[in-house]
Amino acid sequence: MKSLRKELWFQVPSRRGFVNITSKVQEAVTESGVKEGLTLVNAMHITASVFINDDERGLHQDYEVWLEKLAPHEPVSQYRHNVGEDNADAHMKRQIMGREAVIAVTDGKLDLGPWEQVFYGEFDGRRKKRALIKIIGE
Amino acid sequence: MKSLRKELWFQVPSRRGFVNITSKVQEAVTESGVKEGLTLVNAMHITASVFINDDERGLHQDYEVWLEKLAPHEPVSQYRHNVGEDNADAHMKRQIMGREAVIAVTDGKLDLGPWEQVFYGEFDGRRKKRALIKIIGE
Amino acid sequence: MKSLRKELWFQVPSRRGFVNITSKVQEAVTESGVKEGLTLVNAMHITASVFINDDERGLHQDYEVWLEKLAPHEPVSQYRHNVGEDNADAHMKRQIMGREAVIAVTDGKLDLGPWEQVFYGEFDGRRKKRALIKIIGE
């Protein structure tokens, strides 16, 4: 069995933002030499997500509005977690969007559907944060 | 290490619907010859889900009502993604229900709890779409 | 390839509650002898979750309030699933929090970010229920 571990680092300049990491994950798969296996990609922070969806600007704006409706940032005082912090909403948004994606590797490639793209979703940015890639297989 | 890749195809006749795929996933596990390992089952489309819950008709109706409340289809004009499309809500519903399920394989069988059933969740149907099964193990 | 299967049992005394299981999952990884691989941890019940977030009391209270807003328990009669049952809301809360976590194993340890903690999330407690740990790797 082969395995590879790799970290991706981000510094999203705003509080929230989505970064397409599909090609970086594919690079790691290629580097691993794994032809058949599984790739785990997860946020290492609990106010961020890794998720798979469309790379379409309008949709990302829709997600921003929708997540803000389901788990509003303001007023920050509505959350008990916000004692010396203001990111409780980010912990909720990340639950909806998910911590991780598990992706099949087939013939050395990420086995994605035609529109599937892998994103790092930031909900409390403006600082350095990481995602983890772990690949196992043969 | 053994591995198997298989696609399941669907054409759900309505916009939304849930299809129990538990026995098809078990068939793939049996075909793979894997006794101990992991099975990934994921929607290959970004307006569909694979999730695990109860095969109970009332609950599925509750999900329909609940998802429509959290991410309404109408008015379609409320979403920026809906330019020449009307499925933005489906991209949101799928985030709540999830893209994938990872299931243990133990002694050649899906290692599921007593009521766990695997579903393909369609949120933008009336066309051919796919789910992916990838099994690895020994 | 090595593998290990283990069940964790819970009896949460209230309807809802979160139990930190990080050290128990690490114990299973150590017991497995796996140095590089993947760990799946999933609820075996469809009214419970396994998720990763912060072990912070204020945040857990925020989750309680937030989930109750998104999928209220009362009135129980609003759900068609609640025929002789009253747990339909628990099936919804679990979809938001997720069924499972997949965690990398690196050098024999759970490869978690600095604040990542693994929780069993109960939404219909006061009875014995289980989570499953499945570890594969080498």
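These numbers were taken from a predicted model, which means no experiment stands behind them. A note on names: the letters A, B, ... follow the listed sequences, proteins ahead of strands, and every chain is numbered from 1.
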**Student:** How many angstroms lie between NE2 in C:H81 and OH in B:Y63, if you round to the nearest 0.5 Å?
**Tutor:**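 Here the interatomic distance stands at 8.5 Å.
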
**Student:** Does anything in residues 44-54 of chain C reach chain B? List residues with heavy atoms under 4.5 Å apart, or say none.
**Tutor:** C:M44, C:I46

**Student:** If you measure from the Lys or Arg side-chain nitrogens to the Asp or Glu carboxylate oxygens, is any gap between C:R99 and B:E116 under 4.0 Å?
**Tutor:**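 Here C:R99 pairs with B:E116 in a salt bridge, since their nearest N and O are under 4.0 Å apart.
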
**Student:** Say you draw a straight line from NZ of B:K93 to CD of C:Q95; how long is it, rounded to the nearest 0.5 Å?
**Tutor:** 15.0 Å

**Student:** Look up atom CD in C:Q78 and atom CH2 in B:W66, then write down how far apart they are to the nearest 0.5 Å.
**Tutor:**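 Here the interatomic distance stands at 12.0 Å.
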
**Student:** Looking at B:I96, B:V102, B:V65, which one has more heavy-atom pairs under 4.5 Å with chain C than the rest?
**Tutor:**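 If we count pairs closer than 4.5 Å to chain C, B:V102 comes out on top.
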
**Student:** Side chain from CB out, backbone as N, CA, C, O: work out which of these in C:L70 comes under 4.5 Å of a heavy atom of chain B, or both, or neither.
**Tutor:**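 Its backbone and side chain both get close to chain B.
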
**Student:** With sequence neighbours excluded, what pairs up with B:E138 under the side-chain contact (heavy atoms from CB on, under 4.5 Å) test?
**Tutor:**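 Per chain and number, B:E138 pairs via side-chain contact (heavy atoms from CB on, under 4.5 Å) with C:M1.
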
**Student:** Can you tell which part of C:A71 gets under 4.5 Å to a heavy atom of chain B, answering side chain, backbone, both or neither?
**Tutor:**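 Both parts, backbone and side chain.
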
**Student:** Could you check whether B:E36 pairs with C:K134 (Lys NZ or Arg NE/NH1/NH2 to Asp/Glu carboxylate O, under 4.0 Å)?
**Tutor:** yes

**Student:** With rounding to the nearest 0.5 Å, note down the distance linking CG in C:N82 to CG in B:L59.
**Tutor:**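 CG of B:L59 is found 9.5 Å from CG of C:N82.
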
**Student:** Would you mind reporting whether C:R130 and B:P114 have side-chain heavy atoms less than 4.5 Å apart?
**Tutor:**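 Side chain of B:P114 against side chain of C:R130, heavy atoms only: contact under 4.5 Å found.
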
**Student:** In the structure I gave you, are the side-chain heavy atoms of B:I103 and C:L40 within less than 4.5 Å of one another anywhere?
**Tutor:** no

